[in-house]
Amino acid sequence: MSQNPKLPHSTPPQRSRRGTDGYERLAKGLGWFSIGLGAAELFAAGPLARFIGIRDTGRHRATLRAFGVREMGAGVGILSRQRPQGWLWARFAGDILDIGSYLSAASEGVTSAGGVALTLTSLAGVTALDMYCASQMSRLPGSATADQQSRRAAHSAIITIDRPAEELSGRLRDFIRMRGESGESRVFTSGVQLSDQPGTQGLRWRAPGIGGMAVAGSIRFEPAPANRGTIVRAELDSPWNTGAARIAGKVFKFAGGEFVQNELRKFKQLVETGEMAVSDATVTTSPREAQPAGELVHA
Amino acid sequence: MGKEDVQVQNVPDPKIMNPRDAIVRITSTAICGSDLHLYDGYIPTMESGDVLGHEFMGEVVDVGKGVSNLKKGDRVVVPFPIACGACFSCKRSMFSLCENSNPNAWMAEKLWGHSPAGIFGYSHLVGGYAGGQAEYARVPFADVGPIKVPENLTDDQVLFLSDIFPTGYMGAEMCNIQPGDPTAVWGCGPVGQFAMKSAYLLGAGRVIGIDRFPERLRLAREKVGAETINYEQTSVLETLKEMTGGRGPDACIDAVGMEAHLPGLVGAYDRAKVALMQETGRPIAVREAIMACRNGGTVSVIGVYGGFIDKFPLGSFMNRSLTMRTGQCHVQRYLRPLLERIQKGEIDPSFVITHRLPLDQAPQAYQMFRDKQDDCIKVVLKPGAGSGQPAVH
Ligand SMILES: NC(=O)c1ccc[n+]([C@@H]2O[C@H](COP(=O)([O-])OP(=O)(O)OC[C@H]3O[C@@H](n4cnc5c(N)ncnc54)[C@H](O)[C@@H]3O)[C@@H](O)[C@H]2O)c1
Ligand SMILES: [Zn+2]
Ligand SMILES: [Zn+2]
């Protein structure tokens with residue numbers, strides 16, 4: 001693994017069978033599909049659960065809605081770019097997650113066998129389409145910069161904290177270690193190691209990650225203009241550049257940026273308010289109803 | 001989707017989770033028009049079992065070690081947005097935009113670009129906090145939000161400091177009303193009533209309330225001193241022109257939100273679009289407010305919207321130099337000044353209450369308030385009479 005955050009390079013331009021326009025149209029179609037599906041998941045989770053043949057439980061609805069939010073995000077991302085390969089890869093990662101979650105939901109009991117067959121066929125179809133469109137687009141001439149930009153967005157995080165950098169750099173180190181010990185973080189996992197970025201107040205971190213996929217990245221500080229404190233930027237490394245590892249890397253990195261963003265948010269809360277925000281629905285890692293936690297809290 | 005299904009259930013009592021928390025034993029709580037958007041399924045990310053309610057007050061029964069300004073036994077009103085008091089937004093008194101109180105900020109960012117503050121009992125998008133239509137509530141950042149209220153004022157007089165009085169006041173304040181300005185308010189629900197009353201407090205010359213329910217229009221005339229338009233009987237745009245010498249009101253306040261009602265073709269168009277998930281609300285009142293507003297005037301949107309709307313008259317808005325201001329109310333900003341107005345007798349907010357019921361009867365209360373049965377305008381629920389708390393189901 002390299003020590004510098006390395007941006008993935010794209011393969012040399014190739015002439016494609018379909019014209020550029022064709023892929024862009026296909027991508028737009030997938031973008032609108034994302035928005036439609038996302039809206040259905042978000043606003044009609046119950047009927048949708050019944051339609052796809054799984055039990056209509058609170059937990060399934062919660063998952064469907066969370067997926068709806070993600071789906072709409074991907075849709076907007078795809079439609080807002082001419083070459084949205086980064087977002088298409090994100091969709092692909094989402095497809096894999098969808099299939100996994102769907103199979104696990106269906107294993108709890110199926111309400112309509114026809115619904116399940118139809119859903120699995122459609123999921124497989126759309127996954128193949130996403131992967132095809134994303135990989136073709138990544139090969140188009142001129143893709144490199146757009147690709148780099150969207151990937152950077154997918155595995156970086158940024159937040160402004162109302163404190164000077166001198167104060168933050170030490171506290172951030174403590175925070176990352178604390179998160180590592182807590183076992184609650186998906187990126188600052190137990191055994192996380194820190195090193196300095198010579199000449200700056202920033203740092204690099206490397207952690208064993210989850211499921212044997214090590215994660216690493218860097219965090220920098222810069223003063224926010226107009227006395228607004230400090231801008232904290234985090235960047236995940238991209239050590240996965242070939243074959244299957246590359247796809248696994250994409251799946252992780254899509255989520256990775258969000259995980260790091262959530263960590264930065266918690267760090268900001270701790271620094272600015274002295275505590276990390278928890279609500280009745282966030283006391284456990286899986287979604288639950290917004291009721292006082294009572295016996296439900298498992299520390 | 002659990003639409004229109006509110007039940008009373010027994011749930012565990014809340015506990016202190018963070019140093020700046022307090023636990024409040026609730027003495028009065030109310031149902032808000034915003035709860036109806038949840039009830040009717042217009043706000044996504046409600047889960048079965050979520051405890052509703054964001055307008056509440058009561059007695060402090062426990063405080064975390066970070067709370068020094070409150071002690072057990074204090075009687076407090078709790079503002080509906082949860083705010084840390086220390087972040088960029090809070091320092092600028094924009095408490096409903098607190099950067100640190102929504103633990104589900106990532107969800108809100110997906111739908112809205114950036115996240116507002118956490119809110120009690122108002123879906124997982126804004127935090128997944130258990131609400132105040134309950135016997136007890138956990139109040140985060142209790143050193144910033146709750147205000148102590150004097151014993152000589154009744155619950156009914158101060159309860160609405162938690163939301164609808166400040167909300168109506170902010171709706172009027174955002175219009176920067178100059179003495180004598182004609183002001184129109186869409187919606188004569190509780191929020192609209194306070195917007196009208198506040199417009200007068202801020203110096204408006206003539207206040208015009210728009211609705212279709214006779215009892216709400218009557219309340220606006222009799223208790224607020226407003227003039228009224230029944231939009232089912234007359235054309236709102238024509239009547240407002242008539243009343244303002246052809247110019248339109250300087251200040252136009254939308255106190256209706258995304259479930260606006262309109263008979264006829266336009267209403268059916270929006271209902272169909274909502275059903276097909278092409279838009280997530282019926283923006284009928286805000287469209288009309290824009291069209292009605294005087295050139296260069298201000299449209300203030302305190303009615304709540306959730307997602308995307310269609311046929312927004314941006315042309316009218318842009319070409320006529322209108323200003324739009326909006327937001328979930330920054331309640332903390334208004335608590336003290338409005339409590340003073342109540343103490344001085346400038347307003348008695350209890351004038352909107354039509355029904356007082358035990359908390360146990362929340363399911364009936366929701367239905368009654370939504371369907372305007374029995375001339376219902378505002379319901380206050382009293383815990384203690386029964387044992388459980390209402391939760392969506
Ligand atoms: N911004 C905030 O902080 C905040 C706080 C509280 C409530 N709210 C919102 O304010 C709005 C009103 O709340 P409420 O408690 O008064 O609710 P409510 O449902 O009692 O009142 C809404 C009123 O609007 C009327 N109305 C419907 N369609 C109309 C139309 N086309 N033209 C004119 N009037 C119409 C209804 O008849 C009703 O009387 C809701 O959207 C609520 O979510 C916002
Ligand atoms: Zn409210
Ligand atoms: Zn804040």
Side-chain angles (χ1 to χ4, degrees), chain A residues 35-36 38-49 56-59 61-62 65-66 68-74 76 159-162 224 228-229 258-259 261-262 265-266 268-283 287-297, chain B residues 1-3 9 11-15 17-21 41-42 44-52 64 66 82 84-88 91 99-111 118 121 123-125 127-131 134 136-138 140-141 277-278 280 307 389 391-392:
Chain A
I35 290 193
E41 288 175 322
L42 197 58
F43 294 100
L48 186 65
D56 177 13
T57 64
R59 200 162 44 81
R61 285 189 205 173
R65 295 209 185 101
V69 166
R70 183 206 71 208
E71 199 71 56
M72 287 177 84
V76 172
I159 207 160
T160 302
I161 304 183
D162 202 359
R228 289 182 177 186
E258 298 224 338
F259 291 147
Q261 183 71 42
N262 276 333
R265 242 192 298 265
K266 284 188 197 310
K268 172 182 163 83
Q269 289 162 4
L270 196 62
V271 169
E272 290 186 352
T273 78
E275 58 192 43
M276 291 187 278
V278 283
S279 74
D280 305 277
T282 63
V283 285
R288 58 178 290 270
E289 66 275 26
Q291 277 191 359
E295 312 59 68
L296 282 167
V297 198
Chain B
M1 176 147 192
K3 234 164 97 167
Q9 289 175 1
V11 301
D13 287 339
K15 293 186 182 57
M17 291 184 187
N18 265 335
R20 294 171 65 188
D21 290 355
Y42 277 77
T45 75
M46 280 304 284
E47 304 306 334
S48 175
D50 288 355
V51 180
L52 294 166
I82 300 171
C84 77
C87 68
F88 178 87
K91 279 187 184 161
E99 296 180 335
N100 288 320
S101 62
N102 183 3
N104 288 337
W106 65 274
M107 259 192 225
E109 283 177 359
K110 287 275 152 58
L111 186 63
S123 89
H124 291 234
L125 210 54
Y129 289 96
Y136 293 91
R138 164 184 170 246
F141 302 126
M277 288 180 289
Q278 305 271 306
T280 55
Q389 17 232 296
V392 260

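Letters A, B, ... are given to chains in the order of the sequence lines, protein chains preceding strands, and every chain is numbered from 1.
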Please report the C-alpha distance between B/His124 and A/Thr282 in whole Å, then the side-chain angles of each, then the deciding distance to 0.1 Å, and finally whether the side-chain contact (heavy atoms from CB on, under 4.5 Å) criterion is met. CA-CA 9 Å; B/His124 291 234; A/Thr282 63; over 6 Å; no
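The shortest non-hydrogen separation linking A/Phe43 to B/Tyr42 is CE2-O, 4.3 Å. The shortest non-hydrogen separation linking B/Gly128 to A/Ala290 is O-CB, 3.3 Å. Here the shortest heavy-atom pairing between A/Pro292 and B/Ala130 reads CD-CB, 3.9 Å. The minimum heavy-atom distance linking B/Tyr129 with A/Val278 is given by the pair CE2-O, 3.5 Å. The shortest heavy-atom contact between A/Glu275 and B/Arg20 is OE1-N, 3.0 Å. Counting all heavy atoms, side chain and backbone alike, A/Leu42 lies closest to B/Pro44 at CG-CB, 3.5 Å.
In terms of modelled atom types and a separation under 3.5 Å, the side chain of A/Arg61 and the main chain of B/Met46 share no donor-acceptor contact. A donor-acceptor pair under 3.5 Å is absent between the side-chain atoms of B/Ser48 and the main chain of A/Gly58, judged by distance alone. In this structure, B/Asn18 contributes its side chain and A/Met276 its backbone to a donor-acceptor pair below 3.5 Å. A donor-acceptor pair is defined here as one N or O able to donate and one able to accept, closer than 3.5 Å; no such pair exists between the side chain of A/Gln261 and the backbone of B/Trp106. The backbone N or O of B/Phe88 lies less than 3.5 Å from no partner atom in the side chain of A/Asp162, so there is not a single donor-acceptor pair.
Comparing B/Gly66, B/Ser123, B/Gly121, B/Gly127 by heavy-atom pairs within less than 4.5 Å of chain A, the highest count is held by B/Gly127.
Rounded to the nearest 0.5 Å, atoms CD1 (A/Ile161) and CD (B/Glu99) are 10.0 Å apart.
Of the candidates A/Glu272, A/Lys268, A/Arg265, A/Glu272 is the only one forming a side-chain hydrogen bond (donor to acceptor under 3.5 Å, both in side chains) with B/Asn100. Screening A/Glu258, A/Glu71, A/Glu41 for a salt bridge (Lys or Arg N to Asp or Glu O under 4.0 Å) involving B/Lys110 leaves a single residue, A/Glu258.
The contact between B/Pro19 and chain A is made by backbone and side chain atoms together, counting heavy-atom distances below 4.5 Å.
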